[in-house]
Every structure is written in C-alpha cells, then in structure tokens.
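Just so it is clear, the model here is predicted, and its values are computed rather than measured. Both ligands and their constituent atoms are indexed starting at 1 by order of listing.
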Amino acid sequence: MTEEQNNRLVTLEEYIIQSQNRFPGATGELSQLLRDIGLAAKIISREVNKAGITNILGFDGTTNVHGESVKKLDIFADQQLISALERSKITCMVISEENDGIVELKSSGGKYIVYMDPLDGSSNIDVNVSIGSIFSIYQREPRFDPAIREEDALQPGIKQVAAGYVLYGSSTTLAYTTGLGVSLFTLDPSIGEFILSDPKVKIPSHGCIYSINEGSYNSWEPGLKKYIKYCQEEDEESGRPYSARYIGSMVADIHRTLIKGGIFIYPHSKKYPQGKLRLMYECNPLSFIIEQAGGMATDGKGRIMEIEPTSIHQHTPIFIGSPENVTHVMDFLVEYEEVAP
Ligand code: P6P
C-alpha cells in the first residue's frame, strides 16, 4: 500500500477485496461470504448495544441442544447470520449452537459449510459483559451425490478455509483469518463500517495472565492443579504471580489473550467430562485465529485443529494462547499425569 493508502481508513469490504486480488484464481465467493458475515455483525452489534432499552433481553423460553436456556438475542443473532448466508447463495448448510441439526439453506448447491456460535457468552447479556459471535468456514468436499449430509460437515479444523469472531464489547471488534494471518477491524458506528485496525496481529510469545474458572479446581487433573499453583507462586524474574483474568465469555477471554498473551484454559471436569466448549464452532475457529497469530491450541494431548470430529456438537477441553505458556502447561500435564490404577 502507498503512504497515502497507509494513512487512509480501510474498510472491511475494501480489505477483503484487496486480499482477494492477491489470489488470481479467486472467484470472489469467499469474499462475498465474509462481507455478508460482516453485515450481519453490524446488525447484531446494533441490537446488542441497545439491548438494555428494548425487550430483547431475557430468555425466550426454549433451550438449545446443550440444554442451555436460550436468550432472545441468541435467536436474533442466529436469524441474522443465517439470513445473511442465505443471501449470497454460496453456503449449502449452517451448523449453529442454536439448532440441534444442520440448517439446510435454499442454496443447497453452495460450496461452503458454515459453523457458528451466534452469540457466545450469552449468559453475560443481562449483566452488560462482552459477548461475541464465532464463525468457521469449510468447503464442502466434492461428491457425486448432491444431497446435503451432516457427514459433509465433519471435517478437522485444519480444513477450515476461514474463521473469525466478532466481539461486542466497549467497541465492536471483528477478527478473521483465511490462513494468511489475522486481521483486526473496529466498527465505527458513525459511518457503519468496520475499519482496519491491525492487518497482521501477532500474539506475544509469552504472557503473565492465566484465564480459567477456578471454581472447578477440585476436579482438575493433578498437572493442571500444579500448573495453576506455579502461576500463583512469587518469582519476580519470571513475572509471577501471574494475573488471573476470567470473563466467562470465550470470545472476550481469547481476544484479551490474543492481544496481551497468556493462556486460556477450559479443562475437562466432573461436570464436563469432555470439556464444556464445543469443538466445531468455538474451539476450532478460535484455534485457527490463535495459531495464525503465532499461538498454540491443544486439548491437553494434541492439536485442537487435528481432532477428527464425530459429532457436529461435540465438546473438547482446550488449552490455548501464547506458545510458551501452552507448552509449559503441557509439560505439567505430562509430568503429573494420573496413572490409571
Ligand atoms: P463457565 C459461555 O457460556 C461459554 O460457552 C464460553 O463463552 C465461556 O468461556 C464458558 O462458557 C464459560 O463457562 O462454566 O466458566 O461459566
């Protein structure tokens, strides 16, 4: 970009088109998909930011596939994203936290599959804490039979063609990657545009923040207990004790980790034997973002994005963040691994 361009505001739409032009063979379909998600995000942001003065707060009386009470804004966000994806007619199916099975779109011939958590952290809506939307995009494997099948969506995270999140916080931030690094945008409500704020975000190699719900301490495996105690010990040279930060909205906790470094952990526990967070529309997309920014994401045994999924709603434990912090907790898990009796 020229000096003048460097100083000019670059909108999400312009940036996507500029990025697409770097791929001579690009058809523009993925760019269109990302622009549609950006539009839905602006509409959701408007509702989230005025939720306090409309009757959109509170529960709608239903529960989602995980038995969690669904809030009205969840449904609104789900509907906005699905209708945006319908518009571009290049998505064949959507899998969302808010829908038990796959949502087949009218454009059943579309080549993309979109996973999404329309409004992650919705339990925080009523107390005005940041919440977010998460999306993960795959290409449908070419098949002779054109029928839409759930099996087409069971692909490991390494097959994602794009992923990202929108954080509805003190400002509305959108982060996405297509595998060439992570770009950050901030919504300027006065002009209704996402403006480029960082074209290539890098996570610090190490951070002095750990993020975990310590309420489930008693059910953690020994290595994790030892690691958290290590984080709390006094050692000025290594910056310990680390700071504990936990928002309870994964998008907000991951965004802070991306910017400031450190580690976010949601382990398996007695209450969540497979972990609470969902592989396909929370952990895979956010792992793609963190890895593309130079970080790491594991389930405690192996790379999150190499997990072969068996269910569209499956759960996984996750240890994600700065490479030095993730490597360190893995060392503790191995060193103090529980030996089966
Ligand atoms: P807990 C929100 O409900 C969510 O799915 C994630 O956004 C968040 O990281 C996690 O659950 C919080 O779970 O058990 O700590 O309240």
Item checked: Side chain, backbone, both or neither: E97 near ligand 1, heavy atoms under 4.0 Å -> neither
Checklist line | Interfacing atoms of ligand 1 (cut-off 4.0 Å, heavy-atom, D120) | finding: 5 (O), 6 (C), 7 (O)
Check: What atoms of ligand 1 come within less than 4.0 Å of a heavy atom belonging to N213?
Finding: 1 (P), 14 (O), 15 (O)
Item checked: OG-CZ distance between S45 and F194, expressed to the nearest 0.5 angstrom -> 6.5 Å
Next item on the list: Taking atom types as modelled, find out whether E14 and T11 have a side-chain donor-acceptor pair closer than 3.5 angstrom.
Entry: yes
Checklist line | Atom indices of ligand 1 within 4.0 angstrom of R278 heavy atoms, with elements | finding: 5 (O)
Check: Is it the side chain (CB and beyond), the backbone, both or neither of L277 that lies under 4.0 Å from ligand 1, heavy atoms counted?
Finding: side chain
Item checked: Shortest reach to atom 14 (O) of ligand 1 by a heavy atom, considering only Y266, Y246, F264 -> Y266
Next item on the list: Could you tell me which atoms of ligand 1, counted from 1 in the order shown, lie closer than 4.0 angstrom to a heavy atom of G248?
Entry: 2 (C), 7 (O), 8 (C), 12 (C)
Item checked: Closest protein heavy atom (residue, atom, distance) for atom 16 (O) of ligand 1 -> K276 NZ, 3.8 Å
Margin query: Quick one, Y336 with E221, criterion side chain to side chain donor-acceptor pair (under 3.5 Å). Give me CA distance, side-chain angles, the key distance, then yes/no.
Written below: CA-CA 8 Å; Y336 298 98; E221 60 185 286; over 6 Å; no
Check: Of all the atoms in ligand 1, which lie at a distance below 4.0 Å from a heavy atom belonging to M250?
Finding: 6 (C), 7 (O), 8 (C), 9 (O)
Checklist line | Atom pair CD1 (I307) and CE (M280), whose distance is rounded to the nearest 0.5 Å | finding: 10.0 Å
Check: Quick one: does NZ or CZ of R240 land under 6.0 Å from the six-membered ring centre of Y230, within 45 degrees of the ring axis?
Finding: yes
Notebook entry, point to check: When you check the side-chain N and O atoms of H328 and Y227, is any donor under 3.5 Å from an acceptor?
Noted result: no
Notebook entry, point to check: With a 4.5 Å limit on heavy-atom distance, are the side chains of Y176 and F185 in contact?
Noted result: yes
Check: Is there a heavy atom of E282 sitting under 4.0 angstrom from any atom of ligand 1?
Finding: yes
Note to self: Suppose I only count heavy atoms of S249 and a 4.0 Å limit; which atoms of ligand 1 are within that range?
What the structure shows: 7 (O)
Next item on the list: Using distance alone, with no hydrogens and no angle criterion, decide if S269 and S216 have a side-chain donor and acceptor under 3.5 Å apart.
Entry: no
